[in-house]
Amino acid sequence: MLTLNTPNLSLNAIAASGQCFRWTPMENGCRIVAHGRVLHARQVGPEKLALDCGAAEKALWRDYFDLDTDYAAIIGAIPPEDAYLRAAAEYGQGIRILRQDPWEVLITFILSQRKSIPAIRQAVERLCAAAGEEIGSEEGMPLYAFPSPEALARLNDTALQRCGLGYRAPYVHRTACAFAEGRLTAAGLETLPDDDLFSALCGLYGVGRKIAHCVLLFGFHRMNAFPVDVWMQRVGAAHYPGGIPLAEYAPWAGVMQQYMFAYERHLNGKG
DNA sequence: AGGCAGGCGCTCC
DNA sequence: GGAGCGCCTGCC
């Protein structure tokens, strides 16, 4: 058992944030599958998290939860006159931008397009069961790691269709092959500055602006990336007649997006 | 029961 | 460079 000091962290807020799809709220905390491991986390105080792992994994999970970033300071940087964003941040202050595996984020967001969050979860779990390594079990049900590029590239179209990918199957397949054959690597992409990384991602079959921005933010922790989806379009139309002032949010626009996304969905009855 | 969802590729202009 | 359209599937 390991205890971490965790300011501005809400398990439920992150689980509902739409940046990760393998967090499962349990009666007492959350089950998290990430980085090839299964972790159970529960809040044991306003700013404390208990994890069912040993001290050897402390650095790994501190990094995953992004605990070296000061989110209170980010919230403090919100323009004072921006009333909507201040309210959104008040609501969403427990959200952090996780440091997830870029490969997993890329594939997950490719298959997410035009799917609701429950549908995305289901497809990801099926993909993991079809090609991921078994890494544990819970109540007799096996749990699987996210598949490697090689394992995913081996799935044929029929197998991908059984995971519910539909027309996204070739998108996932082509990117998996690019990684499996070494034409593309997370380490290589990581070296690129934001603009070049965005362009490189947009060059992938099935990746457009929205998905590319999600991968920048959630996969490569580029905190200024601002994914514009239908929710952000609604926010802009309702609260920012001159457009959402992204320049004022630099270099944390992505964090602001997460606050707005959570708040707007909340106001519309989706959490 | 049927519209809609956390878009993208393609094909026109 | 922008508008229109088809697309798989599960959810509400």
Side-chain angles (χ1 to χ4, degrees), chain A residues 12-25 88 91-92 95-98 100 102 104-130 152 155-178 184 197-220 222-223 225-240 243-244 246 253-271:
Chain A
N12 288 336
I14 293 172
S17 70
Q19 66 176 293
C20 51
F21 301 95
R22 307 196 73 198
W23 282 42
T24 309
Y91 175 77
I95 300 173
R96 289 173 160 268
I97 308 298
L98 301 171
Q100 305 186 69
E104 174 174 343
V105 169
L106 175 56
I107 295 299
T108 300
F109 277 86
I110 288 175
L111 71 79
S112 78
Q113 57 189 266
R114 271 194 82 85
K115 276 181 178 294
S116 62
I117 289 176
I120 299 165
R121 286 181 190 283
Q122 182 168 212
V124 171
E125 286 311 316
R126 287 179 182 172
L127 211 55
C128 292
L152 197 49
L155 293 186
N156 61 22
D157 190 68
T158 311
L160 291 173
Q161 294 300 347
R162 275 199 294 266
C163 298
L165 296 200
Y167 65 88
R168 309 157 193 87
Y171 303 166
V172 166
H173 182 70
R174 276 211 216 174
T175 295
C177 288
L184 217 52
L197 180 53
F198 178 76
S199 303
L201 292 169
C202 283
L204 299 176
Y205 187 52
V207 178
R209 307 164 60 85
K210 192 272 183 181
I211 306 290
H213 278 129
C214 286
V215 176
L216 251 74
L217 180 58
F218 305 131
F220 290 94
R222 305 300 170 93
M223 298 284 262
F226 193 96
V228 176
D229 54 29
V230 295
W231 293 98
M232 286 310 104
Q233 287 169 15
R234 285 173 201 158
V235 167
H239 303 285
Y240 298 92
I244 300 176
L246 298 187
V255 182
M256 308 312 182
Q257 191 270 8
Q258 282 285 278
Y259 294 151
M260 290 179 171
F261 180 76
Y263 188 51
E264 194 65 16
R265 283 173 60 88
H266 167 67
L267 294 178
N268 287 78
K270 303 227 169 192

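Each chain gets a letter, A, B and so on, in the order the sequences are listed, and its residues count up from 1.
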Hey, does [X] reach any base, or is it just sugar-phosphate, or nothing, if we go heavy atoms under 4.0 Å?
| X | result |
| --- | --- |
| Phe218(A) | base |
| Leu111(A) | nothing |
| Ile120(A) | nothing |
| Arg265(A) | base |
| Tyr205(A) | sugar-phosphate |
| Ser17(A) | base |

Range-with-range stems for DNA chain B, at least three Watson-Crick or G-U pairs under 3.5 Å: B:2-5 with C:9-12, B:7-13 with C:1-7
Passing option when Gln19(A) is tested against Ile95(A), Thr108(A), Leu217(A) for side chain to side chain contact (heavy atoms under 4.5 Å, CB included): Ile95(A)
Residue pairs, two or more places apart or on separate chains, that pass salt bridge (charged side-chain N to carboxylate O under 4.0 Å, His left out) and touch residues 14-23 of chain A: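 Every pair satisfying salt bridge (charged side-chain N to carboxylate O under 4.0 Å, His left out) with a residue in residues 14-23 of chain A: Arg22(A)-Glu125(A).
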Expressed in angstrom and rounded to an integer, what is the separation of [X] atom [atom1] from [N] atom [atom2]?
| X | N | atom1 | atom2 | result |
| --- | --- | --- | --- | --- |
| Phe109(A) | dA5(B) | CZ | C1' | 15 Å |
| Leu106(A) | dG6(B) | CG | P | 20 Å |
| Trp231(A) | dA5(B) | CH2 | P | 9 Å |
| Leu217(A) | dG6(B) | CG | P | 17 Å |
| Arg121(A) | dG6(B) | CZ | C1' | 13 Å |
| Ile211(A) | dG9(B) | CD1 | C1' | 13 Å |

Of Ser112(A) and Gly206(A), the one whose closest DNA chain B nucleotide lies more 5':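 So the residue in question is Ser112(A).
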Residue mapping more 5' on DNA chain B - nearest nucleotide basis, Tyr171(A) or Asp229(A):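 With Asp229(A) and Tyr171(A) compared, the 5'-side residue is Asp229(A).
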Aromatic ring proximity Phe109(A)/Tyr171(A), centre distance under 6.0 Å: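 Ring centres of Tyr171(A) and Phe109(A) not closer than 6.0 Å.
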Partner set under side chain to side chain donor-acceptor pair (under 3.5 Å) for Trp231(A), not counting sequence neighbours: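 Side chain to side chain donor-acceptor pair (under 3.5 Å) check on Trp231(A) returns nothing, list empty.
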Base dG6(B) paired with Lys210(A) side chain (donor-acceptor, <3.5 Å):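 Yes.
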Spell out, as yes or no, whether a donor-acceptor pair under 3.5 Å connects the side chain of [X] to the backbone of [Y].
| X | Y | answer |
| --- | --- | --- |
| Gln122(A) | Ala119(A) | no |
| Arg121(A) | Trp23(A) | yes |
| Asp229(A) | Met232(A) | yes |
| Gln258(A) | Gly92(A) | no |

When the [atom1] atoms of [N] and [M] are considered, how many whole Å apart are they?
| N | M | atom1 | answer |
| --- | --- | --- | --- |
| dG6(B) | dG6(C) | P | 22 Å |
| dT11(B) | dC8(C) | P | 15 Å |
| dC4(B) | dC5(C) | P | 15 Å |

Nearest-0.5 Å distance, SG of residue Cys202(A) to NE2 of residue His213(A):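 So the SG of Cys202(A) and the NE2 of His213(A) are separated by 7.5 Å.
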Atom pair CD1 (Ile97(A)) and CZ (Phe220(A)), whose distance is rounded to the nearest 0.5 Å: 15.5 Å
Partner residues of Ala253(A) under the side-chain contact (heavy atoms from CB on, under 4.5 Å) criterion, sequence neighbours left out: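 Applying side-chain contact (heavy atoms from CB on, under 4.5 Å) to Ala253(A) gives Asn224(A), Phe226(A), Tyr249(A).
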Worked verdict on Arg114(A) versus Arg168(A) for side-chain contact (heavy atoms from CB on, under 4.5 Å): CA-CA 10 Å; Arg114(A) 271 194 82 85; Arg168(A) 309 157 193 87; 4.0 Å; yes
Parallel, tilted or perpendicular, as decided by the 30° and 60° cut-offs, for the rings of Tyr263(A) and Tyr91(A): tilted
Proximity to DNA chain B (any heavy atom under 4.0 Å), residues of residues 254-263 of chain A only: Phe261(A)
Short side-chain N/O contact to dA5(B) OP1/OP2 from Arg234(A), under 4.0 Å: yes
Could you run down the sub-3.5 Å N/O contacts of the protein with nucleotides 8-11 of chain C?
{"unit_1": "dC8(C)", "atom_1": "O4'", "unit_2": "Tyr167(A)", "atom_2": "N", "d": "3.4"}
{"unit_1": "dC8(C)", "atom_1": "O2", "unit_2": "Arg168(A)", "atom_2": "NH1", "d": "2.9"}
{"unit_1": "dC8(C)", "atom_1": "O2", "unit_2": "Arg168(A)", "atom_2": "NH2", "d": "3.4"}

